[in-house]
Amino acid sequence: MQASKLFCKIIPRKFLTVFLIYTIIFVGLSILFSDRGLTQMEDVFELSKVKISVINDDNTQLSNGLESYIKSISRPVEIKRDEESIKDALFFRQTEFIVTIPKGFQNDFISADQPKVKTMYVPDSVSSQYAIRLIDNYLNTARLYILAHPEMSLEEVHEKVITDISTEVNVSFINRFNAHDTSLSNLKGYFNFLSYILIAMLISMVGRIMLIFNNKDIKMRNYCAPISIKSYNIQLILSNLSMALIIWLIFVVLAFVINKNTFNQTGALLFIVNSFVLTVLCLSISFLVATFATKNSIDPIGNCLSLGLSFLGGSFVPQALLSDTLRTLGTFNPIFWYIKVNDTIADLTSITQATLQPIIHGILVQLAFAIALFAIALVIIKQKRYAHK
Amino acid sequence: MSFHIFKYSFKSLIKDKMSLFWMLCFPLILATFFNLAFANVMSNEVFNPVKIAIVTDHTMPLGLEKAMNESNLFNISHTTEAEAKDLLSNRAITGYIKNTDGLELVIFRSGLNQSISKVFLDNFVQISATIYNIIDGNPQLIQMGFLEDISFNESFIEEVPLSSAMNIIVVYYFALLAMTCLFSAVAGSYAISIIQANQSPLAARLNVAPTHKLKAFLSVISATICFQFMSVIIAITYISKFLNVDFGDRIIHIGVLCLVGCFTGTMFGSLFGLLTKFKSEIKDMLVSNIVMVMCFLSGLMVIQVKYFIQEKAPIIAYINPANLITDGLYALYYYDTFDRYFLNLGLLASLGVIFCTSTILILRRQKYASI
């Protein structure tokens with residue numbers, strides 16, 4: 001057990017800080033992601049409520065009615081009124097649609113002029129089409145009532161319009177049990193992002209530890225110790241594996257601490273399984289990297305690999321938004337498969353053999369990658385050993 | 001002598017593989033990743049007709065399809081319900097409409113396209129309700145021909161034109177350039193270790209030479225800034241020419257801002273190196289991590305962080321060099337006026353000058369009786 005013991009001694013001395021830094025950054029980011037609703041890319045897909053800001057200069061019955069209607073059906077965003085704040089808010093998509101109801105709007109509206117509300121929005125965007133429709137709907141209906149019943153008070157008109165507008169068609173979801181559930185998609189976000197952290201962290205930790213063990217002098221010393229090379233290697237591999245497992249376990253627990261009340265959900269277990277496979281995969285990658293990296297090159301290689309694999313695999317940008325070329329290339333990227341499985345889990349409608357099949361397939365592909373990379377690493381290690389002689 | 005030190009510092013920077021990687025290659029690699037990953041993001045914001053299927057099992061309300069066609073919002077197909085379900089499961093369509101007991105929209109998940117379809121159908125049902133209500137209250141209206149000359153599709157919207165430069169993705173590249181500029185902090189902190197005689201043998205040698213310490217320091221620093229500015233220029237060229245990211249045409253202004261950014265970054269690194277006493281390895285790690293945190297706060301990883309900080313904690317935004325660079329570039333790109341750009345440039349330069357003077361003041365009288 002000497003090798004394992006040595007391993008255990010090295011870890012706290014050299015890598016506790018690395019581990020802590022990564023964990024703190026990751027947890028901070030995850031909390032930011034899930035709480036602040038900063039996952040804008042995802043929003044475009046998930047949320048039907050457009051972020052609309054209303055600036056009401058008119059302050060009359062009609063304009064107030066319109067404002068309250070817009071606010072009830074969208075996600076109202078308060079913004080400061082100076083031009084710079086408005087422009088910034090639009091650019092960073094803090095709000096997607098700004099409506100200014102000009103002074104005198106109600107008077108013009110009743111006197112059958114053609115009053116217009118002023119709008120600013122991101123050109124050609126989907127959300128603006130939606131917002132325009134909402135506003136026109138309200139005003140068209142209001143105008144009808146005013147034309148038909150000129151004697152009616154505007155308050156009454158507003159009420160009538162609201163009752164009419166609240167007539168809705170039925171919407172049903174095609175056999176899905178978590179259609180309105182955002183917690184699962186939060187969990188998906190967490191696990192998708194985990195891929196980046198795991199690769200970066202494992203390459204940094206496993207890679208460096210293996211570099212210590214691979215030091216030529218230390219290796220020669222160790223090989224002449226009364227312990228078989230086989231047992232020595234197995235101890236090393238097992239120690240690495242157990243370290244990776246501990247890290248994995250910590251992150252899994254954190255997942256459910258951050259996203260409360262998600263543990264008992266159907267997909268949660270599948271996420272855990274998938275992230276376990278990812279851990280094994282990352283371990284193989286780090287093993288491979290450690291065979292050829294040097295002390296100076298391990299950081300650059302680790303950074304490029306972790307950023308590259310996760311960027312191109314869709315950890316940061318949802319896979320649906322990636323270009324076709326990238327999605328084709330993704331077949332050769334193990335992380336791409338990991339994310340794909342996560343996405344499938346989040347969209348799972350029911351657990352049957354047919355729905356589980358793509359998940360199992362994705363997991364098997366990841367395992368195949370892990371085994372292949374590990375085998376290559378072993379071959380290189382063996383080659384190097386002979387080279388030393 | 002100054003030029004001599006300058007020349008050799010520059011040469012050693014170019015020959016140092018680590019600095020070449022971090023200062024030159026890493027930004028380029030990251031830019032390439034950004035480009036690959038975000039290539040499609042913006043196109044998704046553009047509106048495409050919603051693909052929707054009409055189930056042919058029951059007859060649809062009169063006029064619905066005509067209205068849908070006229071709206072130019074939809075791309076309609078006709079299928080049976082079973083087929084529509086298949087299409088929907090494969091996300092080939094956004095949803096389908098059936099009419100068993102009243103209109104019903106079936107979708108897979110909520111989203112904007114789904115909402116547009118729903119609002120359109122709602123609208124259709126609502127207009128029927130409205131007309132019914134109006135006629136109910138005043139039946140003579142029909143005889144008066146009221147229904148003939150009303151319109152439901154009048155537009156009350158007037159669009160205020162906005163700058164066409166609305167591509168939010170460029171902020172990632174701006175933050176990336178900020179990172180490239182500020183990575184010179186690592187070299188800046190290294191520069192200190194070859195000036196302070198108690199930090200490296202090379203510095204001890206340099207200190208016994210008859211060169212004024214300030215001169216030597218400034219030569220090393222200018223070599224660093226030159227090297228860093230060179231890699232910024234390479235990065236800008238690569239991003240704008242090879243990756244075809246549109247930075248706008250104020251290239252000189254961008255250059256000036258980046259040069260000042262390199263200066264501030266280097267001085268920040270030297271001040272940090274001067275104030276802390278760690279092993280060089282730990283120092284490098286700390287400096288580069290601090291730079292990364294600054295870049296994170298300016299939106300390198302998540303763009304909205306920049307806006308969030310700007311709104312909630314403007315003070316942090318104004319003392320964070322990475323944000324000043326990013327914001328300056330953003331102001332150049334998005335605004336027609338230069339006010340905000342110059343504000344950022346000024347703040348950045350003053351930060352640099354503050355770092356620089358404090359460094360020189362601390363460094364000035366240091367003498368070593370023994371090491």
Side-chain angles (χ1 to χ4, degrees), chain A residues 36 38 40-41 44-46 48 87-88 90-94 115-120 122-127 129-130 132-137 139-141 144-145 147-149 160 164-165 167-174 176 179 296 300 303-304 307-308 311-312 316-317 321-323 326, chain B residues 18 21 26 29-30 33 36-41 44-47 85 88-89 102-116 118-119 121-123 125-126 129-130 133-134 137-138 141 146 150 152-160 162 164 166 168 302-305 307-308 334:
Chain A
R36 303 269 174 226
L38 288 175
Q40 182 110 31
M41 305 289 180
V44 176
F45 275 65
E46 300 288 338
S48 48
K87 280 185 131 183
D88 280 359
L90 266 179
F91 186 90
F92 287 99
R93 313 297 193 264
Q94 200 57 30
K116 301 266 182 192
V117 293
K118 290 201 169 58
T119 58
M120 287 172 107
V122 181
D124 299 326
S125 64
V126 191
S127 44
Q129 292 292 324
Y130 178 71
I132 288 174
R133 205 140 252 295
L134 289 180
I135 295 168
D136 279 346
N137 250 2
L139 291 176
N140 271 314
T141 318
L144 272 186
Y145 274 105
L147 281 179
H149 302 280
K160 291 243 175 206
D164 283 0
I165 285 184
T167 334
E168 290 181 29
V169 294
N170 293 324
V171 173
S172 56
F173 289 91
I174 182 170
R176 256 164 70 94
N296 278 334
N303 259 296
C304 288
L307 276 172
F311 247 117
L312 308 185
F316 304 128
V317 179
L321 293 182
L322 294 179
S323 66
L326 264 194
Chain B
M18 285 304 277
F21 175 81
F26 188 61
I29 293 171
L30 214 54
F33 288 153
L36 285 170
F38 297 136
N40 257 18
V41 171
N44 251 291
E45 217 175 42
V46 175
F47 178 73
K85 263 188 187 155
L88 187 56
S89 307
L103 276 181
E104 189 176 350
L105 176 68
V106 185
I107 54 177
F108 188 82
R109 62 148 66 112
S110 54
L112 264 176
N113 280 346
Q114 289 80 347
S115 303
I116 288 175
K118 177 171 177 297
V119 167
L121 292 176
D122 284 350
N123 194 11
V125 181
Q126 286 155 14
T130 309
N133 276 344
I134 287 175
N138 192 356
L141 280 174
F146 179 74
I150 54 169
F152 301 106
N153 283 323
E154 219 165 298
S155 176
F156 295 92
I157 300 290
E158 181 192 341
E159 192 189 339
V160 179
L162 266 183
S164 59
M166 282 294 274
I168 190 172
V302 188
I303 284 184
Q304 276 73 28
V305 171
Y307 185 82
F308 182 74
Y334 186 48

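Throughout, a chain's letter reflects where its sequence line sits, starting with A, and its residues are numbered from 1. Remember, predicted model here, so these are calculated numbers, not experimental data.
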Calculate, to the nearest 0.5 Å, the distance between atoms CD and CD belonging to A:Gln94 and B:Gln304 respectively. 7.0 Å
Can you confirm whether A:Thr141 sits close enough to B:Gln126 that some side-chain heavy atom of one is under 4.5 Å from a side-chain heavy atom of the other? no
From A:Phe311 CZ over to B:Ile29 CD1, what is the distance, rounded to the nearest 0.5 angstrom? 12.5 Å
Chain A contact via B:Phe21 - side chain, backbone, both or neither, heavy atoms under 4.5 Å: side chain
Atom CG in A:Leu139, atom CD1 in B:Ile157: separation rounded to 0.5 Å? 7.5 Å
Could you give the distance from CG (A:Asp88) to OH (B:Tyr334), rounded to the nearest 0.5 Å? 7.0 Å
Is there side-chain contact between B:Phe26 and A:Leu307, with at least one heavy-atom pair below 4.5 Å? yes
If one checks every heavy atom of B:Leu103 against chain A at 4.5 Å, the contacting part turns out to be both
Heavy-atom count check: over 12 atoms from other residues, nucleotides or ligands less than 6.0 Å from A:Lys118 NZ? no
Separation between CZ (B:Phe33) and CG (A:Leu326), nearest 0.5 Å, reads 10.5 Å
Nearest 0.5 Å, please: how far is CG in A:Leu90 from CD1 in B:Ile168? 10.5 Å
